[in-house]
Student: 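There's a structure below that I have some questions on.
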Amino acid sequence: MSNKNATPVRARFAPSPTGLTHLGSARTALYDYLIAKQTGGQFVLRIEDTDQKRFDPKAEEDLTNSLKWLGLQWDEGIEVGGQYAPYRQSERKEIYQKYARQLIEQGDAFYCFCSAEKLEETRQAQQKNKENIRYDGTCRHLSLEEADQRIANGEPYVVRFKMPYEGTTTITDFVRGEISFDNQYLDDYVLVKSNGLAVYHLAAMVDDHLMNITHVFRGEEWLPTSPLHVRIYEALGWEQPIWVHLSLFLKPRELGKGKLSKRDTEKMKEALGTSFFIMDLKEMGYIPEGIINWVAMMGWSYDDKSDFFTLAELVEKFSIEKLNPSAVALDFKKLDYFNAKHIRELSVEDLAQRIKPFFLKAGIDASDEILLKITPLIQERLTTLNQAVEKAKFFFKDDIELSLEKLQESKWDLAATLIYTKAAYELIKKTDDLSQDALNQPLRDLAKEMGVKPGMLFASVRNAVTGERQTPPLFETMQIIGKEKVLERLEKAITLLES
RNA sequence: GCCCCUAUCGUCUAGGGGACCAGGACGUAGCCCUUUCAAGGCUAAGACCGGGGUUCGAAUCCCCGUAGGGGUACCA
């Protein structure tokens with residue numbers, strides 16, 4: 001499966017545990033996984049938990065559950081370990097401090113003692129005077145001795161990167177090419193916070209280098225700060241990874257035009273009956289194959305004809321050359337399409353096991369034996385797994401609820417329904433074989449005899465036996481229900497119609 | 001405000017100067033198949049944001065608008 005000609009890629013997925021794992025994360029992780037597997041490299045999972053304020057203790061479990069469920073097992077990282085451990089940034093504090101100190105001693109960074117209030121003041125003044133908003137440089141030229149002395153005196157401080165005032169910084173993004181930034185618009189970004197913890201800009205760069213990451217897949221929102229990242233790599237004398245900035249997801253067209261806000265992710269459930277979060281999607285009956293295929297094709301393409309792929313096929317076909325830079329609007333209709341199509345590709349045994357939990361959750365104790373029988377009947381009718389319950393629940397009920405409304409088709413009256421049902425009942429009673437081969441023709445002959453359309457008899461039987469208007473093919477359905485129960489239900493319907 | 005990215009059917013996209021009166025997929029509409037619902041088959045409607053260049057020739061290259069998005073935090 002792996003591409004022997006390519007050098008092994010080490011790609012990392014490095015989310016911050018601040019919320020539930022969503023489709024955007026899933027796509028980034030997928031691409032990391034694909035490129036690593038394709039080249040015989042490693043997919044690394046690192047946790048960027050440097051922001052204690054936004055930390056969500058439930059996020060990490062949701063993350064590992066989501067990734068595992070999607071089939072994106074990582075080779076290195078939290079849980080599984082690896083030679084570059086630890087893989088949680090909160091456990092790597094000293095490492096970042098060491099490099100921060102090196103940067104300072106080299107003159108590429110400096111200790112800054114400016115207060116938040118003072119910073120805010122200069123910002124406002126700059127805004128008022130229409131100057132570039134950036135750090136005013138107060139602490140930039142403090143001597144190391146003086147800075148160390150002030151730190152020893154207990155003054156609070158941060159570490160800032162010393163961004164040049166002139167010239168440009170260029171980053172090479174694999175999907176967009178070279179992008180240049182004027183340094184005058186860049187800032188002396190904070191690298192280490194006053195609590196001693198590094199921010200993303202330092203921590204991620206140090207980790208990516210130390211962990212030998214060759215390709216960095218991340219969202220386009222990182223483009224504006226990428227010159228800082230380039231500068232950090234250069235200052236430390238390291239070779240840059242290949243930067244791959246992925247397009248952003250926009251809100252579904254049904255919700256309007258434009259960016260995907262938190263409000264939109266909340267609205268998805270009520271307005272579209274869907275969700276932005278992986279574990280929600282699982283609960284709604286989407287399967288990993290469907291979600292993987294769908295997100296893979298958002299911002300990436302293979303050729304002008306094919307778009308239906310399994311994870312294994314994606315590993316084989318994926319290429320960063322075909323990545324698309326423009327933002328994409330989520331289209332859940334297409335998710336439905338991919339999901340349904342992948343459900344149809346599943347083996348009966350596999351699908352039966354996957355729909356089982358949905359029956360259990362609905363309070364239906366579905367045995368494997370019956371599940372295996374009904375699965376072929378509903379397989380091509382499912383868009384999501386949970387629909388199996390609605391479509392097949394009548395197989396499991398000892399006593400389906402019948403009503404005149406359910407029995408009567410709008411096209412004819414109750415008296416006619418009674419006649420059709422009775423006639424069909426008599427016919428079915430006479431045979432032990434409920435198969436299509438045995439019953440189809442006799443039922444049609446009977447309809448002809450009665451001078452009615454076959455559909456009328458079919459519908460009457462369907463309504464009485466299943467209590468549903470839309471079901472899998474009648475004869476297979478009746479075979480599974482069994483003659484005894486079929487007759488029982490027909491009798492009940494007749495009694496009801498006679499009353 | 002300033003900086004950066006992006007711009008082909010409603011949506012996802014193919015296209016990287018002539019092969020394009022722009023191809024595929026989802027969705028939509030119609031027809032066929034059919035005992036219902038699906039699945040499947042066929043057909044249809046549907047796009048190169050605008051304006052300038054460059055060129056014999058531009059969806060493709062350049063510039064300017066416009067629009068959408070991102071950033072502008074001791075968040076990631």
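Letters A, B, ... are given to chains in the order of the sequence lines, protein chains preceding strands, and every chain is numbered from 1.
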Student: For the pair made of CG in Asp336(A) and P in rA39(B), what is the distance, rounded to whole Å?
Tutor: 11 Å
Student: Name every residue in residues 378-388 of chain A that has at least one heavy atom under 4.0 Å from any atom of RNA chain B, in order of residue number, or write none if there are no such residues.
Tutor: Glu380(A), Arg381(A)
Student: Would you measure the distance from the P atom in rA47(B) across to the matching atom in rU66(B) and give it in whole Å?
Tutor: 26 Å
Student: Output yes when at least one side-chain N/O atom of Lys322(A) is less than 4.0 Å from OP1 or OP2 of rG15(B), else no.
Tutor: yes
Student: Could one point to a donor on the side chain of Arg253(A) or the base of rU11(B) with an acceptor on the other under 3.5 Å away?
Tutor: no
Student: Go through rC37(B), rA76(B), rC74(B) for me and flag the one nearest to the Asp51(A) side chain.
Tutor: rA76(B)
Student: Using the side chain to side chain donor-acceptor pair (under 3.5 Å) rule, take Asn132(A) and Gln126(A) through it: C-alpha gap first, then chi angles, then the decisive distance, then the call.
Tutor: CA-CA 7 Å; Asn132(A) 295 335; Gln126(A) 286 169 336; over 6 Å; no
Student: With both distances kept under 3.5 Å, what pairs with rA47(B), Watson-Crick or G-U wobble?
Tutor: none
Student: Does rA14(B) have OP1 or OP2 under 4.0 Å away from a side-chain N or O of Ser301(A)?
Tutor: yes
Student: Where the side chain of Asp173(A) meets the backbone of Arg176(A), is there a donor-acceptor pair that is under 3.5 Å apart?
Tutor: yes
Student: Mind checking the P distance from rC5(B) to rC62(B)? Whole angstroms is fine.
Tutor: 13 Å
Student: Tell me: CG of Leu346(A) to C1' of rA39(B), nearest whole Å?
Tutor: 16 Å
Student: What's the gap between rA14(B) and rU54(B) when it is taken at their C1' atoms, as a whole Å value?
Tutor: 26 Å
Student: Is any N or O donor-acceptor pair between the side chain of Lys305(A) and the base of rA14(B) shorter than 3.5 Å?
Tutor: no
Student: Can you tell me which nucleotide in rG69(B), rU36(B), rC75(B) comes closest to the side chain of Pro473(A)?
Tutor: rU36(B)
Student: Rounding to an integer number of angstrom, what distance separates rG51(B) and rG15(B) when you compare their P atoms?
Tutor: 25 Å
Student: Between P on rU13(B) and CG on Asp307(A), what's the gap in Å once rounded to a whole number?
Tutor: 12 Å
Student: rC3(B) and rU13(B): how far apart are their C1' atoms, nearest whole angstrom?
Tutor: 30 Å
Student: Which nucleotide, in any strand shown, forms a Watson-Crick or G-U wobble pair with rC21(B), with both distances under 3.5 Å?
Tutor: none
Student: Using atom P of each nucleotide, how far apart are rG1(B) and rG65(B) to the nearest Å?
Tutor: 14 Å
Student: Counting just side-chain N and O atoms, does Lys257(A) come under 4.0 Å of either OP1 or OP2 of rA67(B)?
Tutor: no
Student: Please confirm whether the ring centroid of Trp300(A) lies under 6.0 Å from the ring centroid of Phe318(A).
Tutor: yes
Student: On the nucleotide rA76(B), are OP1 or OP2 found under 4.0 Å from the side-chain N or O atoms that Tyr200(A) carries?
Tutor: no
Student: Please answer whether the main-chain N or O of Met298(A) pairs with a side-chain N or O of Arg27(A) as donor and acceptor at a distance below 3.5 Å.
Tutor: yes
Student: Specify the separation, in whole Å, of atom CG of Asn293(A) and atom P of rU13(B).
Tutor: 14 Å
Student: rU35(B) phosphate, OP1 or OP2: any side-chain N/O from Lys453(A) under 4.0 angstrom?
Tutor: no
Student: Side chain of Val190(A) only, please: which of rC74(B), rC75(B), rG24(B) is the nearest?
Tutor: rC74(B)
Student: For nucleotides 3-6 of chain B, which of its nitrogen or oxygen atoms have a protein nitrogen or oxygen under 3.5 Å away, and what is each distance?
Tutor:
from, atom 1, to, atom 2, distance (Å)
rC5(B), O2', Arg176(A), NH1, 3.1
rC5(B), O2', Glu220(A), OE2, 3.0

Student: Go ahead and name the base partner of rA14(B); Watson-Crick or wobble counts if both distances stay under 3.5 Å, otherwise write none.
Tutor: none
Student: Students often mix this up, so state it plainly: with edges at 30° and 60°, are the rings of Phe475(A) and Phe458(A) parallel, tilted or perpendicular?
Tutor: perpendicular
Student: Sticking with atom P, work out how far rG24(B) lies from rG46(B), rounded to a whole angstrom.
Tutor: 14 Å
Student: Answer with yes or no whether Thr471(A) presents, from its side chain, a donor or acceptor under 3.5 Å of a partner atom in the base of rC37(B).
Tutor: no
Student: If you check every side-chain atom of Val328(A), which of rG69(B), rC12(B), rG15(B) has the closest atom?
Tutor: rC12(B)
